[in-house]
Every structure is written in C-alpha cells, then in structure tokens.
Amino acid sequence: MHVLTLLSGLLWLTGCETNEQASSTGPTPVEPRTATPSGPSPGAKTIDGSAAAESREGDFVYRLVSEKPAYAEGERVNLYAELEYTGSESSVTIYHSVSPFYFPMEETTRNYGIAYVMNQPLVPTELAPDKPLREAYVGSGGYGSQDPKAYIEFMQRIGKLDFPTGTYVVNGFADFYVQPKGGEKTDYKLKATITFKVGGA
C-alpha cells in the first residue's frame, strides 16, 4: 500500500491545474509483482451505482472506478484503477514507476488541483490475460508552508482520505512501457476521467 507523504516544499498553489507528471508517494517494490484477478470490468459509464470509465490502447485496457458516484462527507471514498492485458501471449511484463497508476484530481467548487507524487524506480510487473492489476487510491496532495490555511487543511484531509464536501474530477492515467527481449520499446499512457461528489456539492 502506498504511504502518503505531504511534501512541504511543493510549488503547487491554490487554484493551480493538476500536473499529470505528479503522483502519490509510495513504497518501492524490490521484486516483480504478479497481477491478481479482480471483479467484472466496468464500462465507460455509470454501472451498478459505480462511476467508471475505461480506455484501450493496443493489448491493454485501463479502467478508473469510483465505487459510488456520490459519498456523504466523512464516508470513505473508494477509488481504484485497473490495467488488463488482452493480448494472445501467456503473459507480458510492463515497466513503470512504483505504480503504473496515477490519480491527479481537481476539486471544482474550490478550484483546487490535487497533485499526485510518486517515487520513480523502474519496476516490472507481469500481467496475464483476464487477470487485471488493481490498485486503490490511498491519498495524495501537497502544499507549501506559505499556502493559505484553508488550502493546507483541505490537503491534509485529502491525505487522510477524509474528503471535504465538493465535486472531484479524477484525471487518471496508467503510464508504463513494454519491451520484449530483442524487441523495441513501446510506451503506453492510457487516460480516463471520472467525477464523484462528496456531501451536498
């Protein structure tokens, strides 16, 4: 599980736009991971009470899911991403940072960008067909010592998964590459966007 680090020296300011290159800090795996099966694949619309979207590129499907389109303030927001390999090989190895998944957001009522910062080692993960890799969002955001108190308090709550009332747009993406032995490197960046609300927003 990722471990959130609030970076006091960040240059993200109130009202800034989300930076796609930022992501949540987490532990650095030291060995390749193997994906485990997950539930049914959501489509690019609200299904069974979930806010979900997906995108496809080559032999990969990326999904971004909020288990509910709306939450009460104080209720835990359950947000996760999946990456599924749909090719004909028995397995494929992807290479990425601590995680292939990024969860940058914006809260539209306050016009706050919620950045996502991640460690950048090179980590291999093996994917097999019909066994999607799934990871849950565990908090993000950062602030500087000169940022307004309200902004700092907001980011501290996001870091604890205690989302204040608001409307949240998640501009998620999966960033990785594939390079078969003796083959050429292929970069992938699959994107999806979902929106969920908290409280009376």
Side-chain angles (χ1 to χ4, degrees), residues 1-5 7 10 12 17-44 50-67 78-106 113-142 168-194:
M1 180 175 288
H2 296 297
V3 177
L4 173 72
T5 301
L7 304 176
L10 297 179
W12 304 311
E17 295 184 357
T18 302
N19 182 347
E20 280 191 343
Q21 298 304 315
S23 77
S24 167
T25 302
T28 303
V30 294
E31 297 180 354
R33 299 176 299 170
T34 300
T36 55
S38 60
S41 302
S50 299
E54 69 176 31
S55 62
R56 298 172 181 264
E57 183 178 345
D59 292 330
F60 296 94
V61 180
Y62 165 66
R63 302 184 186 93
L64 180 63
V65 181
S66 171
E67 291 188 351
N78 293 311
L79 177 67
Y80 66 88
E82 284 186 346
L83 183 65
E84 182 176 1
Y85 171 62
T86 60
S88 58
E89 301 294 329
S90 60
S91 67
V92 63
T93 299
I94 64 171
Y95 298 88
H96 51 82
S97 297
V98 166
S99 167
F101 300 121
Y102 295 73
F103 298 88
M105 304 182 202
E106 51 189 306
I114 306 170
Y116 201 76
V117 180
M118 186 184 299
N119 290 335
Q120 302 292 318
L122 183 61
V123 179
T125 297
E126 184 179 1
L127 297 178
D130 302 318
K131 294 183 178 180
L133 173 68
R134 176 186 289 192
E135 289 188 13
Y137 171 76
V138 294
S140 60
Y168 296 83
V169 179
V170 187
N171 299 301
F173 60 98
D175 191 6
F176 60 95
Y177 73 84
V178 174
Q179 188 168 20
K181 290 183 178 180
E184 294 185 1
K185 174 182 175 183
T186 303
D187 293 308
Y188 292 88
K189 190 170 186 179
L190 290 79
K191 302 178 182 179
T193 297
I194 61 172

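All of these numbers come straight from a predicted model, not from anything done at the bench.
- Residues Glu67 and Tyr80 have side chains in contact (heavy-atom distance under 4.5 Å, counting atoms from C-beta outward).
- Among residues two or more places apart in sequence or in another chain, the ring-ring contact (aromatic ring centres under 6.0 Å, His included) test is passed with Tyr85 by Phe60.
- Counting heavy atoms from C-beta outward, Ile94 and Leu83 have side chains that approach closer than 4.5 Å.
- Under the rule for a salt bridge (charged side-chain N to carboxylate O under 4.0 Å, His left out), Lys181 has no partner lying at least two apart in sequence or in another chain.
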TODO: Go through the steps to decide whether Leu190 and Phe176 satisfy the test side-chain contact (heavy atoms from CB on, under 4.5 Å), and finish with yes or no.
DONE: CA-CA 9 Å; Leu190 290 79; Phe176 60 95; 3.9 Å; yes
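- Inter-residue side-chain proximity for Leu133 and Pro100 is flagged as met; some heavy-atom pair is nearer than 4.5 Å.
- Of all non-hydrogen atoms in Asp187 and Glu57, the two that sit nearest each other are O-OE2, 4.0 Å.
- The closest side-chain heavy-atom distance from Met105 to Leu79 is below 4.5 Å.
- Taking the side chain to side chain contact (heavy atoms under 4.5 Å, CB included) definition, one finds that Thr186 meets it with Tyr188, sequence neighbours left out.
- Here the side chains of His96 and Asp175 are not in contact, with every heavy-atom distance at 4.5 Å or above.
- Side-chain contact between Val170 and Tyr137: absent, with no pair of heavy atoms (C-beta onward) separated by less than 4.5 Å.
- Across Tyr62 and Gly172, no two heavy atoms sit closer than the pair OH-C, 3.1 Å.
- Of the candidates Ile194, Ile114, Thr193, Val169 forms a side chain to side chain contact (heavy atoms under 4.5 Å, CB included) with just one, namely Thr193.
- The heavy-atom pair separating Ala52 from Val65 by the smallest distance is CB-CG2, 4.0 Å.
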